[in-house]
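Remember, predicted model here, so these are calculated numbers, not experimental data. Residue numbers count from 1 along this sequence.
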Amino acid sequence: MDLCNPSVIKSLLGDEGTHLRKEYGQNFLIRREIPARIAEECTESEESMILEIGPGIGCLTKELAERYGKVVSVEIDSHLLPILAKTLAEYDNVTVVNQDVMKVDLAALVAEHAEGREVSVCANLPYYITTPILMALLESGVPFRSITVMVQAEVASRLCAKAGEDTYGAITAVLGYYGETRRLFTVPASAFLPAPKVNSAVVRIDLYDEPRYAPKDKKLFFGLIKAAFEMRRKTLVNAISAKLSYTKEQVAKALVSIGLSDKIRGERLSTADFSALADALFERK
C-alpha cells in the first residue's frame, strides 16, 4: 500500500469517515522518497527506539519500522487510529499511543518502551506548535540521541542560525545549550496534501552526552536569553535591567568583564556568550 499516493490517502480517510483536520496542522506527504530519507537520516543505530510524533496515516512510521528496533508513535487524533491499525498491521515493532505529546509523560513513555535501547525522536511537526514541542522534548530529561523534525522552512532557518544573523533568536540560543543543530534538506510545499503555503525543511539536533556549557545558575542563563530576545531591539544592558533584578551598571560591567561591549544587543551573543554572561552576573549577585 503506497501511503504517499493521494488516492490512497483520500480512500483511507474516506473509509473511516474522517478528513484532514486543520486544527492539528495535518499535511500528508505524497512523495515516497521524502519519508524514506527522513527515516534514513534520523539516527545511526539500527537497534534504536524511535519516538515519532504525529504519524498521520503511517507513511514515515513504516519507513522507521523497517529500519529500527522499536517505534513508538504518539498521535493526538483518535480518528486516525483505525487507519494506523490497517497501515501498520504488518509491523510488530510499532506501538501507537493516542495522546497529546504536550501532555504525555515522555520520561515514563520512554522508560516503558525503550528496553535499554538508544532513543531518538523523528517527527513532522505542525507549524503552529513547533517550538513548544521541541522545548517539551529538551526539558523532559530523556537522554535522546537526536531529534529530527520537519518544520516550516523559515523555522528551520531560525533553528540553525548563527549569532548575529537576522534569523537568530531565543530558540536558537537555547538549542545551542542542548546540542548541535543542522539542516538536512528542504521539502517543497508541492510534496504535501494539502499543499501548505510555504516550503518545509528537515532539521536534526544531535544532543550532547554531557552539557557543553555549564552555567552556575541555569535559571539565570535561560532568563538572560528570554530577556534578551523579548526586547531584542534594545541593548542587553537595557533589556536585562528591565526584565531581571540587575542594574544597568552591573550588566555593563559583566559584559565588559567577558570581553563584550556594553552597547551590544542580545542577538549578537552565542550560547557560550550567554553562559559566560550568566556566570559573570552570578558572581556579582
Side-chain angles (χ1 to χ4, degrees), residues 2-6 9 24-46 48-68 71-76 94 101 106 118-138 142 144-162 165 167-169 171-172 174-176 178-208:
D2 182 2
L3 299 183
C4 290
N5 184 308
I9 295 171
Y24 296 144
Q26 290 175 347
N27 301 88
F28 298 132
L29 284 165
I30 55 173
R31 283 175 48 181
R32 294 178 62 187
E33 70 273 15
I34 294 173
R37 185 175 176 186
I38 295 171
E40 190 66 33
E41 297 191 32
C42 76
T43 194
E44 285 71 41
S45 173
E46 294 180 356
S48 293
M49 172 187 140
I50 306 297
L51 174 63
E52 183 191 20
I53 302 168
I57 63 170
C59 72
L60 175 58
T61 320
K62 290 182 68 171
E63 300 289 349
L64 293 168
E66 290 172 1
R67 289 169 172 80
Y68 303 107
V71 180
V72 176
S73 299
V74 180
E75 176 55 62
I76 190 174
V94 176
V101 73
L106 291 170
E118 183 178 89
V119 182
S120 289
V121 177
C122 194
N124 177 8
L125 295 183
Y127 294 165
Y128 71 96
I129 200 170
T130 296
T131 297
I133 289 178
L134 281 177
M135 291 310 303
L137 292 168
L138 294 170
V142 177
F144 295 117
R145 169 67 184 87
S146 63
I147 299 173
T148 302
V149 292
M150 181 156 59
V151 297
Q152 186 176 344
E154 180 182 342
V155 174
S157 296
R158 192 176 307 135
L159 298 181
C160 300
K162 304 298 182 184
E165 295 179 351
T167 52
Y168 184 74
I171 185 62
T172 329
V174 169
L175 283 180
Y178 291 100
E180 294 184 358
T181 306
R182 54 194 168 98
R183 187 180 185 131
L184 298 182
F185 59 96
T186 299
V187 181
S190 59
F192 294 93
L193 175 74
K197 296 180 180 179
V198 296
N199 292 334
S200 298
V202 180
V203 169
R204 173 166 158 169
I205 307 163
D206 288 300
L207 303 179
Y208 299 131

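Between R37 and E41 there is a salt bridge, since at least one side-chain N of the basic residue sits less than 4.0 Å from a carboxylate O of the acidic one.
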Q: Could you walk me through whether R204 and E44 pass salt bridge (Lys or Arg N to Asp or Glu O under 4.0 Å), step by step?
A: CA-CA 12 Å; R204 173 166 158 169; E44 285 71 41; 3.0 Å; yes
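Nearest approach of A189 to V198, heavy atoms of both residues: CB-O, 3.5 Å. Residues P188 and N199 come closest through the heavy atom pair CA-OD1, 3.4 Å.
The side-chain contact (heavy atoms from CB on, under 4.5 Å) test with L106 singles out one residue from V121, L51, V74, and that residue is L51. Checked options T181, I147, L175; the residue passing with V203 is T181 (criterion: side-chain contact (heavy atoms from CB on, under 4.5 Å)).
Within the 4.5 Å cutoff, side-chain heavy atoms of I38 are placed close to those of C122. Counting only heavy atoms from C-beta outward, the side chains of F144 and I205 never approach each other to under 4.5 Å. Taking 4.5 Å as the limit, every side-chain heavy atom of Q152 sits out of range of all side-chain heavy atoms of T130.
In this structure E46 satisfies the salt bridge (charged side-chain N to carboxylate O under 4.0 Å, His left out) test with no other residue, sequence neighbours excluded. With sequence neighbours excluded, the residues that form a ring-ring contact (aromatic ring centres under 6.0 Å, His included) with Y168 are F229.
Residue pairs meeting the salt bridge (Lys or Arg N to Asp or Glu O under 4.0 Å) criterion with at least one partner in residues 54-63, sequence neighbours excluded, are E63-R67.
A donor-acceptor pair shorter than 3.5 Å cannot be found between the side chains of S190 and R31.
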